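The structure appears below as structure tokens.
Everything quoted here is computed from the prediction, not taken from an experiment. Numbers here are sequence positions counted from 1.
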Amino acid sequence: MKQVTVITGGAGGMGFATANIFGRQGETLLLCDVKEDALETSANILRRQNMEVYTAVVDVGRPDLVQAAAQKADSLGRIHNIVHTAGLSPILVADLPD
């Protein structure tokens with residue numbers, strides 16, 4: 001069974017760098033990001049390096065989109081890693097001083 005690494009913020013600098021590391025180790029990648037164009041660009045760069053990459057447009061503040069991405073990841077194989085490099089928690093934002 002394939003080992004899957006899920007990366008939120010997968011189109012950004014830290015997420016993309018993390019994907020590159022796990023992809024070189026043979027992990028199947030699911031890149032998640034809110035920016036669809038940047039997500040596809042990042043995924044295509046990794047695919048050209050013979051990495052198995054899938055994408056999901058996800059806003060980590062939307063539980064329904066996070067759930068859909070989790071189901072997609074589960075359908076790809078055994079979830080081995082989850083790397084969260086995207087967004088802010090709504091709780092943390094609400095707790096920030098004015």
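Considering all non-hydrogen atoms of both residues, Leu65 and Asp59 come closest at CD1-N, 3.8 Å. Here the shortest heavy-atom pairing between Leu31 and Ala19 reads CD2-CB, 3.6 Å. Minimum interatomic distance between Ala69 and Leu30 (heavy atoms only, all atoms of both residues): O-CD2, 3.5 Å. Lys2 and Tyr54 get closest at one heavy-atom pair: NZ-OH, 4.3 Å.
Checking Ile82, Thr18, Ile21, Asn81 one by one against Thr5, the side chain to side chain contact (heavy atoms under 4.5 Å, CB included) holds for a single residue, Asn81. Only one option out of Leu29, Asn44, Leu39 pairs with Thr55 in a side chain to side chain contact (heavy atoms under 4.5 Å, CB included); it is Leu39. Here the rule is side chain to side chain contact (heavy atoms under 4.5 Å, CB included) with His80, and of Gln25, Met1, Glu27 only Glu27 fits it.
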Evaluate the side-chain contact (heavy atoms from CB on, under 4.5 Å) criterion for residues Leu46 and Phe16: first the C-alpha distance (whole Å), next the side-chain angles of each, then the deciding distance (0.1 Å), finally the verdict. CA-CA 9 Å; Leu46 296 169; Phe16 179 78; 3.7 Å; yes
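For CG of Asp37, the number of neighbouring non-hydrogen atoms (other residues, nucleotides, ligands) closer than 6.0 Å is 12 at most.
Side-chain contact between Met51 and Asn20 is present, with heavy atoms from C-beta onward closer than 4.5 Å. Under the 4.5 Å side-chain criterion, counting only non-hydrogen atoms from C-beta, Val60 is in contact with His84. Between Gln49 and Arg24, some side-chain heavy-atom pair lies under the 4.5 Å cut-off.
Partners of Val66 under the side chain to side chain contact (heavy atoms under 4.5 Å, CB included) rule, at least two apart in sequence or in another chain, are Val58.
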